[in-house]
Amino acid sequence: MPSRVVDYLVRAVSTLGVRHIFGVDGANIEDLYDALFDAPYDVAGIIAKHEFSAATMADGYARSTGGLGVVAATSGGGAMNLVAGLAESYASRVPVLALVGQPPTALEGNGAFQDSSGLAGTIDAARMFSEITQYCARVETAADLPDKVIRAVAGARHGGPAVLLLPKDVQQSDIGDIPPFRLTAPTHRRDENGLARVRAALTAARKVGKIVIIAGDQVARDDARGELAALAHALDARVGVAPDAKDTYDNTDPAFCGVAGSMGHPELSAALRSAALCLIVGTPMPITARTGLDELLADRTVAHLGVSAPYLSAIHATSTDLARDLVALADEFTGDTTTSSHHRPHPPHALTPLRVPDASGPGLRYRELVETIEALLPEGTDVFADAGNTGAAVVHHLRVPRGGRFVVALGMGGMGYAFGAAIGSAFARRRGPYGTRHTVVIAGDGAFYMHGMELHTAIEHQLPLTFIVLNNNAHAMCVTREQLYYQDRYSFNRFRPAQLGAGIDAMFPELPTYSVRTTADLAIALGRCVETEGPSFISIDVDPDEVPPFIPFLATLDKLAT
């Protein structure tokens with residue numbers, strides 16, 4: 001039975017079904033790791049190289065499991081380094097519990113090293129974290145802990161991070177004779193009135209035209225892909241996806257019409273032009289999913305189903321459990337023989353790529369390298385794309401393998417997110433239904449320089465992860481912006497050239513490492529990587545001046561041309 005506060009915390013995490021706590025050790029959180037070492041439960045402590053990456057590991061773990069991710073950090077700089085990662089989880093409504101060490105209570109306000117109690121002019125960690133969490137509390141005594149753990153987990157389940165600030169002496173204190181941790185199952189309230197309005201709108205629209213569905217990442221979080229597909233079939237609908245939700249619908253299905261928004265496909269716009277209604281499921285439609293579609297959506301009925309209200313005018317039904325609510329809608333329309341006078345057979349599902357200017361610089365082009373990668377990924381492969389021109393190219397061009405997750409961080413868009421998030425996900429999903437499940441990170445060299453050395457963590461734990469880094473010796477999206485918006489008069493964003501593949505090969509001689517300059521080289525290298533049980537690394541030379549498939553950039557180019 002647990003005796004200390006930290007023992008109780010480890011047992012609570014185990015009871016929640018969490019099997020990994022990600023973090024970085026330090027003096028004011030080391031007692032938690034001591035408890036992990038002695039715990040009889042199946043919970044492992046995973047040490048990251050930076051707290052931002054530890055937070056993204058917990059985020060990726062939560063996104064892939066549909067459950068809770070847990071991160072632990074010490075006081076001071078360790079706590080501060082969590083902020084960017086937790087902000088991404090907050091903006092993207094990902095349930096993460098952060099356990100943050102603090103100096104002993106007797107020293108708070110008395111010159112303690114790394115004091116963030118808010119006393120005597122110090123930083124107030126509780127106030128700071130409260131801005132980016134669903135729940136934040138300082139645990140003052142052992143007796144406070146059970147209730148605050150319950151509140152923290154409930155807050156995270158509501159959608160976003162929760163933080164418990166844990167003074168060192170409280171962590172070490174005796175918890176006393178208290179009942180084991182118990183948490184009630186999450187409750188879901190059905191929005192009957194909202195669903196009735198959505199159902200009526202769908203019924204009316206089917207009498208006069210077609211329906212288009214745009215799916216968001218809540219579909220994946222609620223494990224509602226099958227239910228979405230059943231509803232799309234029942235409605236004979238075309239289906240598009242938000243940029244961060246490419247895995248919510250089969251990308252090879254004839255009804256699939258591509259990505260919405262700033263990295264979107266013209267097939268989705270064409271489908272909306274001939275639709276009577278657009279049903280948005282599981283996304284509030286932020287600007288990244290809405291770019292280029294505002295006028296189309298304003299001209300027709302829009303219905304929305306999801307946990308967050310949409311940013312545009314719509315018939316809205318709140319849903320905290322899309323799997324359940326989509327089943328109810330699908331059942332309503334299954335077998336309905338209502339046809340529209342505007343009915344047309346689905347066209348072939350080939351998607352038209354956005355037209356970008358020809359690039360003349362060195363290296364591979366985004367489209368050819370992404371299509372080469374796509375052709376070699378086995379079913380069930382998980383793909384994590386990072387920010388920038390690389391992310392835009394992957395979102396636009398890559399068809400997600402069946403059964404695989406696709407994650408891109410569009411909440412805060414922090415560079416380097418994909419490295420830690422993929423590692424957290426791989427811990428949860430490396431054992432697939434047919435053996436080892438592979439995970440692939442696709443990121444630029446700028447993101448790699450920020451947090452790519454989490455590669456070391458993947459090597460340490462022999463995770464089945466391939467890191468693909470597009471090396472253009474630049475912050476390429478910033479270079480593109482300098483060219484388009486500041487007349488290409490200067491650049492702060494080009495780097496001194498580096499040979500990433502050779503450098504990683506020298507650092508980790510046992511790691512399968514490849515430097516790629518042709519699509520043939522890429523095909524050979526990636527073919528070997530996906531058959532490797534552990535991690536691998538591919539560096540691909542690309543052109544820093546290539547414009548990615550990103551509608552705001554292409555619209556600016558059109559204006560400049562006229």
**Student:** Could you check whether Glu88 pairs with Arg63 (Lys NZ or Arg NE/NH1/NH2 to Asp/Glu carboxylate O, under 4.0 Å)?
**Tutor:** yes

**Student:** Run the side-chain hydrogen bond (donor to acceptor under 3.5 Å, both in side chains) test against Glu482 and tell me which residues pass, sequence neighbours left out.
**Tutor:** Ser491, Asn493

**Student:** Within a strict 4.5 Å, meaning less than it, do heavy atoms of the Leu97 and Val18 side chains meet?
**Tutor:** no

**Student:** Measure the shortest side-chain to side-chain distance between Tyr249 and Ile213 over non-hydrogen atoms and say whether it is less than 4.5 angstrom.
**Tutor:** no

**Student:** Check whether any side-chain N or O of Asp321 sits under 3.5 Å from a backbone N or O of Asp222 as a donor-acceptor pair, and report yes or no.
**Tutor:** no

**Student:** Check the surroundings of atom CD in Glu295: do more than 12 heavy atoms from other residues, nucleotides or ligands lie under 6.0 Å from it?
**Tutor:** no

**Student:** Distance check, rounded to the nearest 0.5 Å: Thr320 atom OG1 versus Asp325 atom CG?
**Tutor:** 7.0 Å

**Student:** In Å and rounded to the nearest 0.5 Å, what is the CD1 to OG1 distance from Ile423 to Thr439?
**Tutor:** 10.0 Å

**Student:** Which residues pass the side-chain hydrogen bond (donor to acceptor under 3.5 Å, both in side chains) test with Asp488, sequence neighbours left out?
**Tutor:** none

**Student:** Mind listing the closest non-hydrogen atom pair of Pro95 and Gly67 along with its distance?
**Tutor:** CG-O, 3.2 Å

**Student:** Just by modelled atom types, is the Leu410 backbone N or O under 3.5 Å from a matching donor or acceptor in the Asp244 side chain?
**Tutor:** no

**Student:** Distance-only, no hydrogens or angles: does the Arg93 side chain make a donor-acceptor pair with backbone N or O of His158 under 3.5 Å?
**Tutor:** yes

**Student:** Minimum heavy-atom separation for Tyr61 to Gly17, with atom names?
**Tutor:** OH-O, 4.2 Å

**Student:** If you measure from NZ on Lys246 to CG on Asp217, what distance do you get to the nearest 0.5 Å?
**Tutor:** 14.5 Å

**Student:** Examine the side chains of Ser262 and Thr291 and answer whether a donor and an acceptor come within less than 3.5 Å of each other.
**Tutor:** no

**Student:** Taking CG in Asp358 as the centre, count heavy atoms belonging to other residues, nucleotides or ligands within less than 6.0 Å. Is the count above 12?
**Tutor:** no

**Student:** On the 0 to 90° scale, with breaks at 30° and 60°, tag the Phe22-His20 ring pair as parallel, tilted or perpendicular.
**Tutor:** parallel

**Student:** So, for Thr65 and Ala428, which heavy atoms are closest and what is the spacing to 0.1 Å?
**Tutor:** CG2-CB, 3.4 Å

**Student:** Quick check against the 3.5 Å criterion: does Arg437 have a side-chain atom that pairs as donor or acceptor with the backbone of Arg429?
**Tutor:** yes

**Student:** So does His396 get a backbone contact from the side chain of His265, meaning a donor-acceptor N/O pair under 3.5 Å?
**Tutor:** yes

**Student:** Can you see whether Glu546 engages Asn389 through a side-chain donor-acceptor pair at a distance of less than 3.5 angstrom?
**Tutor:** no

**Student:** Any side-chain heavy atom of Thr283 within less than 4.5 Å of one from Pro310?
**Tutor:** no

**Student:** Thinking salt bridges, do Arg225 and Asp247 make one under a 4.0 Å N-O criterion?
**Tutor:** yes

**Student:** Looking at Ala215 and Ala245, what are the two nearest heavy atoms and their distance?
**Tutor:** O-CB, 3.6 Å

**Student:** Just by distance, do the side chain of Ser92 and the backbone of Ser89 share a donor-acceptor pair under 3.5 Å?
**Tutor:** no

**Student:** Find out whether Leu195 and Leu305 are in side-chain contact, i.e. whether some heavy atom of one side chain is under 4.5 Å from a heavy atom of the other.
**Tutor:** yes

**Student:** Any carboxylate oxygen within less than 4.0 angstrom of a Lys/Arg side-chain nitrogen, looking at Arg430 and Asp382?
**Tutor:** no

**Student:** Do Ser425 and Arg405 have side-chain heavy atoms sitting under 4.5 Å apart?
**Tutor:** no

**Student:** For Leu526, run the side-chain contact (heavy atoms from CB on, under 4.5 Å) check against Leu369, Thr372, Leu376, Val516 and tell me which one passes.
**Tutor:** Leu376

**Student:** Determine whether the side chains of Thr318 and Arg189 contain a donor N or O and an acceptor N or O closer than 3.5 Å.
**Tutor:** no

**Student:** Has Asp543 got a side-chain atom pairing as donor or acceptor with Gly363's backbone, closer than 3.5 angstrom?
**Tutor:** no

**Student:** Mind checking side-chain hydrogen bond (donor to acceptor under 3.5 Å, both in side chains) for Glu131 and listing every partner two or more places apart, or none if nothing turns up?
**Tutor:** none

**Student:** What residue among Phe419, Phe448, Phe467 forms ring-ring contact (aromatic ring centres under 6.0 Å, His included) with Phe537?
**Tutor:** Phe448

**Student:** Is there side-chain contact between Met57 and Val71, with at least one heavy-atom pair below 4.5 Å?
**Tutor:** no

**Student:** Output all residues satisfying ring-ring contact (aromatic ring centres under 6.0 Å, His included) with Phe384, sequence neighbours left out; order by chain, then residue number.
**Tutor:** none

**Student:** CG/Leu560 to CD/Gln483 distance, rounded to the nearest 0.5 angstrom?
**Tutor:** 11.5 Å

**Student:** Testing the basics here: between Leu312 and Pro284, what is the closest heavy-atom pair and its distance to 0.1 Å?
**Tutor:** CD2-O, 4.3 Å

**Student:** Keeping the roles fixed (side chain from Arg300, backbone from Cys278), state whether a donor-acceptor pair exists under 3.5 Å.
**Tutor:** no

**Student:** For the backbone of Val212 and the side chain of Arg238, can you confirm whether one donor and one acceptor N or O come within less than 3.5 Å of each other?
**Tutor:** no

**Student:** Under a 3.5 Å distance rule, please check whether Asn251 uses its side chain to pair with a backbone N or O of Arg399 as donor and acceptor.
**Tutor:** no

**Student:** We want to know whether His438 and Thr381 form a side-chain donor-acceptor pair, criterion being a heavy-atom distance below 3.5 angstrom.
**Tutor:** no

**Student:** Which pairs, with at least one residue in residues 257-276 and sequence neighbours excluded, count as a salt bridge (Lys or Arg N to Asp or Glu O under 4.0 Å)?
**Tutor:** none

**Student:** Within this structure, what is the NE2-CZ distance for the pair His475 and Phe492, rounded to the nearest 0.5 Å?
**Tutor:** 13.0 Å

**Student:** Under a 4.5 Å cut-off applied to non-hydrogen side-chain atoms, are Leu557 and Leu484 in contact?
**Tutor:** yes

**Student:** Is the closest side-chain heavy-atom distance between Arg402 and Asp250 below 4.5 Å?
**Tutor:** yes

**Student:** Which residues satisfy the side-chain hydrogen bond (donor to acceptor under 3.5 Å, both in side chains) test with His304, sequence neighbours excluded?
**Tutor:** His316

**Student:** For atom OH of Tyr485, is the number of surrounding heavy atoms from other residues, nucleotides or ligands below 6.0 Å larger than 12?
**Tutor:** yes

**Student:** Please report the interatomic distance CD1(Ile214) to CG(Leu272), rounded to the nearest 0.5 Å.
**Tutor:** 5.0 Å

**Student:** Minimum heavy-atom separation for Phe52 to Ala84, with atom names?
**Tutor:** CD1-CB, 3.7 Å

